[in-house]
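Have a look at the structure below, then the notes.
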Amino acid sequence: AVMAPGKKITARLKRTLPVRGPQAPTLSELMRWYCLNTNTHGCRRIVVSRGRLRRLLWILLTLSAVGLILWQCAELLMNYYSASVSVTVQFQKLPFPAVTICNINPYKYSAMKEYLSELDKETKKALETFYGFSEGKSKVRRSVDEWNSTGSNFFQQIPLLKVEDFSRMATDLHSGQKRKIEGSVFHKDSSIVNSGDSNDIIGFQLCDANNSSDCALYTFSSGVNAIQEWYKLHYMNIMAQIPLETKEKLSYSADDLLLTCFFDGLSCDKRHFTRFHHPLHGNCYTFNSGENGTILSTSTGGSEYGLQVVLYIDEADYNPFLVTSTGAKIIVHDQNEYPFIEDIGKEIETAAATSIGMHFTRSRKLSKPYSDCTETGADIPVENLYNKSYSLQICLHSCFQKAMVHSCGCAQYAQPLPAGAEYCNYKKNPNWMYCYYRLHEKFVKEQLGCQQICKDACSFKEWALTTSIAQWPSTVSEDWMLRVLSWDKGQKLNKKLNKTDLANLMVFYKDLNERFISENPANTLVILLSNFGGQLGLWMSCSVVCVIEIVEVFFIDSLSIVMRRQWQKAKKWWNDRKRGSSGKAPQASDVERQGHDNPVCIDEDLPTFTTALRLPLPQDSPLPRTPPPNYSTLRLETAFTEQLPDTLELGQH
Amino acid sequence: MNLKKYLVRALHRLQKGPGYTYKELLVWYCDNTNTHGPKRIIKEGPKKKLIWFFLTLLFASLVFWQWGILINTYLSYNVTSSLSIGFKTMKFPAVTVCNANPFKYSEVKHLLKELDRLIEAALERILQPTPGNGSENVSPPLDLELWNQLPLVLIDEHDKDNPVILDIFETNQTAGGNKTNVSDDTAGGKQSSCSHQGSDNCTYRNFTSAAQAVTEWYILQSTSILSKVPLHERIRMGYQAEDMILACLYGAEPCNYKNFTQIYHPDHGNCYIFNWGMDEEALNSSNPGAEFGLKLILDISQQDYIPYLSSAAGARLMLHQQKSFPFLKDQGIYAMAGTETSIGVVVDELERMGYPYSDCTMNGSDVPVKNLYSQYNTSYSIQACLRSCFQNHMVEICGCGHYMFPLPEGVNYCNNEDNPGWAYCYSSLRSSIKHRQICIDSCKETCNDTQYKMTISMADWPSEASEDWIFHILSYERDMSTNVTLDRNGIIKLNIYFQEYNYRTISESAATTIVWLLSSLGGQFGFWMGGSVLCLIEFGEIIIDSLWITIINVISWCKSLKQRRARARYPDAPPTVSELVEAHTNLGFQQEAAGALPRDEALPPEPGTPPPNYDSLRVQPLDVLGPDSDAE
C-alpha cells in the first residue's frame, strides 16, 4: 500500500507510542477498574465486598472519609496564616535609649514679652470683666483705659462670649452687646450640658471669614479651659509668625536647662545633648540622640549607671496663661523615633528626685498576610512629614497636616511643614482658625479617613517605665546642695536657687534583660503539606499520587469516555446519513473482526504476540505452526465485555 | 571452605528472593512496594511510564528536601509561648523596706566628724574662692590626712591646652597633670585620685558639677571609713525596726516589726523584709484590692540623715521573690515622705525552657562565677552574679573587697589605710569595659524570671485635718510620750496589694517535639508518595538484595575466570558443587553474566517448536516490533 509520508509517520508513531485511551470503555468499567487498582484504601472495599449492606457500609465509610479529609484540609488551609508568639529574653549590653527633656514652659516669659504683651493684657481684661479677677487695682484701672483707647483686635477676631443657655443669647465681653447665636453650638469641653444649671457658659465663636453667617460657637463648662484654649489659639497665631531661629533663641538653652549631668559613672555635659525644637514645648534636649553616629550603651543596670540630671526649671519665668503646671517633661524613645512630647511625655516634678527604671521590650509583628501592619511605612499613601522612622502617630499627624494644607491652605503650627506650605496666621489666612476647628472635629470623628489609611508599624521598641519619686533635696542636705548648685550655675545667675526651681531625674535600666516578643508564622508550607499528608494518609492512605490518579480517572478518562461516546454517536449518525444517501453496505467487517485476535482490540497493551502474528509471515517457514494460545483472556485489563469501534481504527488501513 | 559453604547457603536463600538480576529485582520491587509511585512506572504504557518515572523521582526528591527542612526546624529548638492572664491565689511578694539613708547621723557623727569638717571647709573655699573671707578659721585644725589621700581639686579650663589645677586647700597652682579628659570651659569641681600618695600615677576624675563631685568624693571617703567598722556596730548605727516600722497590717491581720527579717544592705543600712519566706511559709493572698494587701506606716526620720551622703529623702522599697536578695539600686523604688503611696502589683512571670531551647540557668549552678550572695542563703539571680563577678575581679586586682558587695572568704574590705590605692584601682576597674564584658558573658539569666509590675499612685498623707491625731497616736505608740515626735517629713504610708488580674504568665513550650517531627516526616512522605516506615524498610531490603546479587555476580565472575584458566590446562573441567547447584536451580536465568558462563554455550539446540511468545515474559516488546514496522 502506498501512503503519504506524513500519514506513514503518524501511523508509525501510533504504533511505537500507541495512544492509550482510558482503561475501560464505559464509565462503570472505569470506576471498577479504578477501585480495584487505586492506591487509596476505601474504594477497593466497595468493589470487593459482597452483600449489598456491606457494600453500602463501605460506600458510606469511604464517603465520610473523603468528607473528613476535605473538612480537615479546609481547616488547615484556613489556619495557614496564623502566627504563634515567641518571647525570648536576652541578657546583654543594651543600647541606652534617647531621652528627650523639655521644660513644660516653652519660652522664657520675660523674652516673650514683646510678642505677647498685647495678648496678655487682653486676657487679663477678660478675666477681670468675666470673673472680677485683678492682680492689683491700679493695673486694672490702667488697662481698662487702654482697652477703651486702643480697642482690641484679638477680641474682634475671636470674641469671647458669655452664653445664656435658654435664650440662646450671647453677651460679647468686649462690646457688652447681646447677639443672637447663629449656627451650631459645639460644647467643646462637656458632653453633658447641664441645662438646669443657671450658670453662664463661656465660650468663643469662630466664623467663616468669607461668610460671616456661618459661625460655630465653642463653649466650655469652665472658664479655666475657655481662657486657656482661647489664649492658645492666639498664641499659636502669634508664634506662627516668628521665624524658627528667633524662637530657638527665645527658648531655653542647654545651659539654662541642665545643671548637672552624669551618665554611667562619668560626667556629661551639654555636648551630649542635641537640641530639638518642639513647636509647643520650645527647645527640648535629647540625650544620646545618636546624631554623631554613636549610641551609648549600658552594660550594668541600676540607678548609678544610668543618666542622672538635675534640671533647672525657672518657675518665675513661666507664662501664666499658657502653662499652669510646673516641671519638665521627658520621654524615653528610640533614636529613630520622633518624640511626641505633648502626647506621651511624662511629667517631672520639681523639688523631687524622680527615678525612672526602664525595662526594654522589643516587639515584632508579622506583616501581610498575617496582620495589617507596615514595615517601613512606604506602602502608606501619606507622606511622612517627620524626618524619623514611621509610626502610627507620625502617620496620623502627617495625614491631618496634609488635610489641613489641602482644605485650609496653610499648615497647623504644632506639626512640621509639608513642602511648599507655610504656617497659618491671621494676616494671610484670616479664616484658618475656623477651618482648623472644623477639620479637627472631622478628624476626631474619623471622617477624614486618616485612621483608615494609617496602619501601625510592625516592629516597635518599648521602654516600660517604673516611676517613683523621693523628696529631694532632703531637709538636711538642702542647704549645702542648693549652695553648691548655685555655684555650679555660675555667674549667670545671681540669685540663690530655690528647691522648687530644681528637678532631679534618674533614668536607668532596671535590668539588662531584653524581652523580644516576636510573631512567627505558625505554619510553613512544609508543615502544611505534612499536615495534609497526615490527614490524607490517616483517613484513606492517600497521597499526591492518588490525587493524580483521581484527576486522571475522574476527569481525563471519564471525560474522554464521554467524549468518545459522543464522537461515536456523531460518527454513526454521519455514517447512517451517508449510507442512506449513497446506499453503501455497512461495514460489517468491523464487528466481525472484533475478538481476541484483532490486533487493535488489545490496544491497552503494547503490540504483542498476537499483533506480531498478524504480520505477514515468511512463506517458506519450515516449522509447523501451532495456533497461538489465547492468552488475552488472562489479562484483566482486556476482559471487558464491549469493544468500542473506534479502538479498531488502527486496523482499518 | 567454610566461607564457601556460607556463600552457597546464602545463594540458596537468595533464590527464594524476588529475583536474580537487578532488573528483576527492581521490577519486583516496583510491583510490590507500598509506596505509590513505582507501581505506576511498571504498570503503565511507555509514555506514562516516562511521566510516572519522573513524577516519582520528583516526589522522592521533594520528600527528601522537605525532610531536610523539617529536621532543620527540629534542631533549631524553637519554642512557642503561651500567655495566661488572670487572678489566682498567689504568694504575696517579699517586700523590702529601707531608709534611703543608711545610718543615723547622730550615731555615726563621731566617725564622720573629721570628714564633715573637711568638706564643710572645702565647700567654703569653693564657694568663696578668695581666702580669709569671713570667720572660716574654725578652732581645731583640719586633719589633712584624709584629704591628701584623695584631694578635691578645681580644674580651670579656660585655657584648653594648659588647664590650671587648683587644690582647694593649697594656694599654689600646679599646671598640667595627666588628666583623663578635658571637658568644660568653666571651672568645675573635680575630684582627683592618685594611685599612691605623691606618685605621678594620678588620674583626675572630672565632673562638670561640683555637687556631683562632692557627693562622689564623700561616698568614697565615707566608704573607706565605715568599712573598718564591724558589722554588728554598723547594724546598731542604722535604723532599728521598731523605730522605722510604726504600723503594719496584712489583710485583716495585724503585724508588727517582728514579722520583718532584718538584713544589712551596704547602700541602705538596715533593711527589713516582710514575707521573705526564709524561716516560715510565704503568705498567700487570695483577694485583689488594697483591703487585702500590706499596709505599712514608716518613719524615715529625715532630720537624722547624713547630709552629704544621700540627698534624696524617702523610703526605698522593693518587691521581690521569696528567698531572693533585694537589689535595691536596680529594682527598688522610692516612696516620698508625707505621702501615701499605693502600689498595685501584677506578677509578671516568664517560664522558660532550659538548654537547648534557650541559654538560661535553672539555679545558677552551671555559671562559672562564685555566687557571693549565697551567704545570705538566697537564690541565684543575674544581679547577684554580676556583683559577685565584679567583687571577684576587685579582689583579684586590687587585693581587697569593695564595701558595697559581700566579701569572699579571707578577704577584707578596702580602706585607705591598708590599701592606699584602692580608690584608683576601683574607679579604673569600674570604668573598664573589658571587665564588664567578661561579667556579662559569664553570667546567665535565670530561666524563671519573675517581675513585679507596679502601678504606683500617690496622695498627700496625712491630710491636714487628720494630721494632728495621727501624729499624736503614732508618737505615743512609738515613744510613749505625749509630745509629737514625728512630722510630715518623716512619715510614709504604703499600700501594697494585688490588682484585679494579678498574674501574667508567659510560659514556653517546645514548638517541635520528636513526636511533631515524626508526624511531620510521616505526613510529608505520606503526602507525596503514600509511604511509611515500612516502605523505608522495604527499600532497605531491596538494597540488601541487590548487594547479594552483586556479591553473587562477583563470585560467579571470579569462578568463571578461574574455570577459564583451568580449562586452558584441562579442556574438560569437572563442574564444582556450587556450579551444579546453580545450574540445577537456575536454568538460564543468569543473563547478566551469561556471556561469561560456559554453560550457556552448552545449551541444547532449539527444538522444532518455537517457545510461545508470552506477553508476560516479554520485557521489551518494542524491540520486537521495531524491525517489523520498518519492513512494512
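Please read all numbers here as calculations on a predicted model, not as lab measurements. Heavy atoms only: backbone and side chains are in, while hydrogens, waters and symmetry mates are out. Naming: A, B, ... by sequence-line order, numbering from 1 per chain.
For B:Gln383, there are no side chain to side chain donor-acceptor pair (under 3.5 Å) partners two or more places apart in sequence or in a different chain. Residues satisfying the ring pair (Phe, Tyr, Trp, His ring centres under 6.0 Å) criterion with B:Tyr218, sequence neighbours excluded, are B:Tyr308.
Two residues are said to be in side-chain contact when any heavy atoms from C-beta on lie closer than 4.5 Å; A:Lys93 and B:Arg436 fail this criterion. A 4.5 Å side-chain heavy-atom check between A:Ser541 and B:His36 finds at least one atom pair inside the cut-off.
Note on B:Tyr305, B:Phe327, B:Tyr334: by heavy-atom pairs under 4.5 Å with chain A, the leading option is B:Tyr334. No other option in B:Gly314, B:Gly37, B:Ala312 has as many heavy-atom pairs under 4.5 Å with chain A as B:Ala312. For the options B:Gln212, B:Lys453, B:Lys444, B:Gln331, heavy-atom pairs under 4.5 Å to chain A are most numerous at B:Gln212. The most heavy-atom pairs under 4.5 Å with chain A, out of B:Leu350, B:Leu62, B:Thr455, B:Asp449, come from B:Leu350. With respect to chain A, the highest number of heavy-atom pairs below 4.5 Å among B:Arg352, B:Met336, B:Gln66 belongs to B:Met336.
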Decide side chain to side chain contact (heavy atoms under 4.5 Å, CB included) for A:Thr466 and B:Tyr452; before the verdict, give the C-alpha distance in whole Å, the side-chain angles of both, and the deciding distance to 0.1 Å.
CA-CA 11 Å; A:Thr466 310; B:Tyr452 295 92; over 6 Å; no
Pair A:Asn520-B:Asn78, side chain to side chain contact (heavy atoms under 4.5 Å, CB included): steps then yes or no:
CA-CA 10 Å; A:Asn520 305 311; B:Asn78 286 325; over 6 Å; no
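Heavy atoms closer than 4.5 Å to chain A are found in the side chain of B:Glu508, but not in its backbone. With a 4.5 angstrom heavy-atom cutoff, A:Phe508 touches chain B only via side-chain atoms. Heavy atoms closer than 4.5 Å to chain A are found nowhere in B:Thr56, neither backbone nor side chain. Looking at B:Ser358, neither its backbone nor its side chain comes within 4.5 Å of chain A, counting heavy atoms on both sides. Contact annotation for B:Leu55: only side-chain heavy atoms (C-beta onward) come within less than 4.5 Å of a heavy atom of chain A.
Between atom CG of residue B:Asp330 and atom OH of residue A:Tyr305 there is a gap of 9.5 Å, rounded to the nearest 0.5 Å. Taken to the nearest 0.5 Å, the CZ atom of B:Phe525 stands 12.5 Å off from the OG atom of A:Ser530. Residue A:Thr467 holds its OG1 atom at 10.0 Å from CD1 of B:Ile333, rounded to the nearest 0.5 Å. A:His359 contributes atom NE2, which lies 7.0 Å from atom CG of B:Asp348 (distance to the nearest 0.5 angstrom). Atoms OG1 and CG, from A:Thr475 and B:Asp487 in turn, are 8.0 Å apart once rounded to the nearest 0.5 Å. Rounding to the nearest 0.5 angstrom, the gap separating the OG atom in A:Ser297 from the CD1 atom in B:Ile433 is 7.0 Å.
Between the side chains of B:Gln451 and A:Asn513, not a single donor N or O lies within less than 3.5 Å of an accepting N or O.
Results of the side-chain contact (heavy atoms from CB on, under 4.5 Å) test with B:Phe527 over A:Val547, A:Leu536, A:Asn531 single out A:Leu536 as the only residue that passes.
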